[in-house]
Every structure is written in C-alpha cells, then in structure tokens.
Protein chains: 2
Amino acid sequence: MNKDTIEILNKQGIKATKQRVFLYEILKKQEKPLTAEEIYFLAKKEINSFNLSTIYRILDTFVKKKLVVKYKLDIDEKFHFEIIREKHRHYLLCICCNQIIPISDCPIEKYEHDIAEQTGYVIVDHNLEIKGICPNCQGPYGIH
Amino acid sequence: MNKDTIEILNKQGIKATKQRVFLYEILKKQEKPLTAEEIYFLAKKEINSFNLSTIYRILDTFVKKKLVVKYKLDIDEKFHFEIIREKHRHYLLCICCNQIIPISDCPIEKYEHDIAEQTGYVIVDHNLEIKGICPNCQGPYGIH
DNA sequence: AATGCAGATGCGAATAGTTCGCATCTGCAT
DNA sequence: ATGCAGATGCGAACTATTCGCATCTGCATT
C-alpha cells in the first residue's frame, strides 16, 4: 500500500482501506477517464473480492471530496471517472472506435468571463467534448 | 394539423401522423431542450392517448432524419431533445435550480481547426455546457 | 367512399447502469 | 487484544429507455 496515497486520503478524512487505496492508484495512472466497469475489471485482477457497488461508493466518496470528477461522455450511457489534476482536461472522442484522447488546452476559460457578464450567472464549471474521426478510422479500412 | 409541419415531415419521408406532427410542433416552440417526459406531459394535455414509448420512437425517427438532436445534460440522467436550427446552440445550466438558457454564440468552431491539425482527427461535432449559478439563486434566499 | 396494407402506436415486459438495504467484516483508536 | 464506527459484499430495487407483439391508422388504390 502506497504511503503517499494513504496520506492523500487521510488528509481528506477518508479512511484508507485496501479498496480505496487501490482504486485511487488505478485512477491516478490513467490518461483518460474510466467507467466503473473498466475499473472493476482492473481491480479484479489484483484484489479478488472487489464489488461493483463498492466501486461506485468509493468513487462517490472521492467525488464528494473533490479528488475525482464524474461525468458522462456522448459515446455511451456510462459514467466516466477521472482523477482531478491541477489543470482540468477535455477530450476528443472518435465516433467510430470510441478512442478517447486528451486535448492540450481549454478554449473556454477566457470565454466564461463574457458569458458571466451577459447573463449575470456566476460560472462554476463547464463541459466540453469534441467528436471526430481518428486517423485510423479515416483510412481505407475505417468503418464509417 | 399544421400544413408546414406535414410538409417538413413528408420531405424527410416521414409519414405525418397526428402524434408526429404534434410532437414536432412542441419541439419547434421551445427555447430549451426538453426531456421525453416533459414532452409527454405537454402532449398528454392535448392528445389523450399518447404513449411514452411512442414519443421515444418518434424522437428517434426525428434524430435519424436530422430534424432533432438528442443528448444528455449534466443536470440529470435523462436525454434532452432539441429541434435542429440553422445555428447550433449551447446552454448555460444553473446548478441550483436547473434552469437552462441558451448561450448566444459558439466559441468552439474556430478552435476545431487547431484541434484537427494537432491530432489528425476529422472533427464532426462538439458538445459544450457551461454551469453556473443564476442571478436568482445567488440572492440572499438562494440555496447554495 | 370503401378497402388493403405497410408501417405506426399502445401496452407491458425487458434491459442496463447505478443505487440501496442489510448483514458481515475491517481499520484504527483504545 | 478489543470494540466500534464505518466500509464492504451481495442481492434486490430503481429509473430511463428500448423492445416485442397485437392492434390501429394514414394513405394509395380502386
């Protein structure tokens, strides 16, 4: 069990159980958001008894403590979970093969100020996903 | 039954049934996307036997024929449906009262070109929602 | 106007991801 | 080592959406 992870969890007032530490570390490694089920299969490889409800519950705890964000992508019906980093990310989704890749920067931040002025809203967050066809799927053998 | 609507539907090869015409006209009036259930309640007021499965099926037909777009918003678990207009729209969502208001223009279109160059993707679409607290909910009686 | 038929609708059951209730178990303070 | 609050495992419940099938409707044809 990684000491750093335990410390991060404790700092948030989260009891560092085996499942929680493991789940946090899975998420930390990812370059893209994962579904609860994807996490489940990764988790099962290492810890035999790891229940899907538990995964949902742990993820919700992480979301409440602002360690993780939870959202849906337009490619399917499932929630995706992603560890919160210093800079938030947006993703580019391939509509053919469902590949998910991060986009380097966020074009919305500057725009939020204008929106706030126009509407009187206090802006707190935003979602952006861009959909396209990846180089692989464009090729002669791509499925369109 | 509105002649214009019937013509629009026929032009897409959609048989203009009472339910379809009515549903199209409900959507046309809206300034914000509706859920199937919201449409159901509006529809029930006028046409007594109007089934929820039928609404979903009609909406799917409209989506296939590119008359309507279907997507989820971050405020709940439900699909939202919106008639397709010349200019696509994005929405500002109040995280307190779930108000949905349209944003005047789209800051992403110019950005898509850069993304395409950086990644080799052919960009086909994007989603954007901005979340905030509306003027009403900011007030002294707002629920935060 | 009556008829026939492809396709649309109504109804109820099925589906799938997520959440919940409850009994058992675990991490941690003592 | 012990006790207990809170975490987990398991199965059932929940909800938006979809599907299967019997009935009905719009429309072309007569």
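Worth saying up front: this structure is predicted, and the values here are computed from it rather than measured. Per chain, numbering begins at 1; letters A, B, ... match sequence-line order.
In this entry the distance linking NE2 of A:His80 with P of C:dG17 reads 11 Å, nearest Å. The distance between atom CD of A:Glu37 and atom P of C:dA16, rounded to the nearest whole Å, is 11 Å. Atom-to-atom, NZ of A:Lys18 to P of C:dC28 comes out at 13 Å; the value is rounded to the nearest Å. A straight line from CG of A:Asp60 to C1' of D:dT8 spans 15 Å, rounded to a whole angstrom. Here C:dA16 presents its P atom at 14 Å from NZ of B:Lys72, a figure rounded to the nearest Å. Protein atom CG of A:Leu59 is 16 Å distant from nucleotide atom P of C:dG17, rounded to whole Å. When the C1' atom of D:dT25 is taken as reference, atom CZ of B:Phe22 falls 18 Å away, rounded to whole Å. A straight line from NZ of B:Lys64 to C1' of C:dA8 spans 13 Å, rounded to a whole angstrom.
Cluster annotation: A:Leu42 and A:Val21 are assigned to the same hydrophobic cluster (Ile/Leu/Val/Met/Phe/Trp/Tyr, side-chain heavy-atom contacts under 4.5 Å, transitive). Linking Ile, Leu, Val, Met, Phe, Trp and Tyr whenever their side-chain heavy atoms come within less than 4.5 Å puts A:Phe81 and A:Phe41 in one cluster.
Residue B:Thr17 places no side-chain atom within donor-acceptor reach of the base of C:dG7, judged by atom type and a 3.5 Å distance cut-off alone. The base of D:dG11 is paired with the side chain of A:Ser53 by a donor and an acceptor separated by under 3.5 Å.
Among the protein residues, B:Lys70 comes within range of the sugar-phosphate backbone only, with heavy atoms under 4.0 Å from sugar or phosphate atoms but none that close to a base.
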Step by step, would you call A:Thr61 with A:Arg20 a side chain to side chain contact (heavy atoms under 4.5 Å, CB included)? CA-CA 10 Å; A:Thr61 304; A:Arg20 285 170 171 176; 4.3 Å; yes

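Side-chain atoms of A:His90 and B:His126 include no donor-acceptor pair closer than 3.5 Å. Between the side chains of B:Gln19 and B:Thr54, no donor N or O sits under 3.5 Å from an acceptor N or O.
Neither OP1 nor OP2 of C:dC25 sits under 4.0 Å from any side-chain N or O of A:Lys15. Contact check, B:Asn51 against C:dT9: no side-chain N or O comes under 4.0 Å of OP1 or OP2. Between D:dG9 and A:Thr54, a contact under 4.0 Å exists linking OP1 or OP2 to a side-chain N or O. Look at B:Gln19 and you'll find a side-chain N or O under 4.0 angstrom from OP1 or OP2 of C:dG10.
Consecutive Watson-Crick or G-U pairing (both distances under 3.5 Å) extending over three or more pairs maps onto DNA chain C as C:1-30 with D:1-30.
Comparing atom distances between the A:Lys78 side chain and each of C:dT9, C:dG17, C:dG27 picks out C:dG17 as nearest. Listed candidates were D:dG26, D:dC21, C:dG27. Nearest to the side chain of B:Arg57 is D:dC21.
The neighbour count for A:Lys44 NZ, taken as heavy atoms of other residues, nucleotides or ligands under 6.0 Å away, is above 12.
Results of the side-chain hydrogen bond (donor to acceptor under 3.5 Å, both in side chains) test with A:Tyr91 over A:Lys32, A:Lys131, A:Glu82 single out A:Glu82 as the only residue that passes.
Note on ring orientation: taking the six-membered ring where Trp is involved, the planes of B:Phe22 and B:Phe50 are tilted (angle from 30° to 60°).
Mapping B:Glu77 and B:Ile14 onto DNA chain C via the closest heavy atom, the residue that lands nearer the 5' end is B:Ile14.
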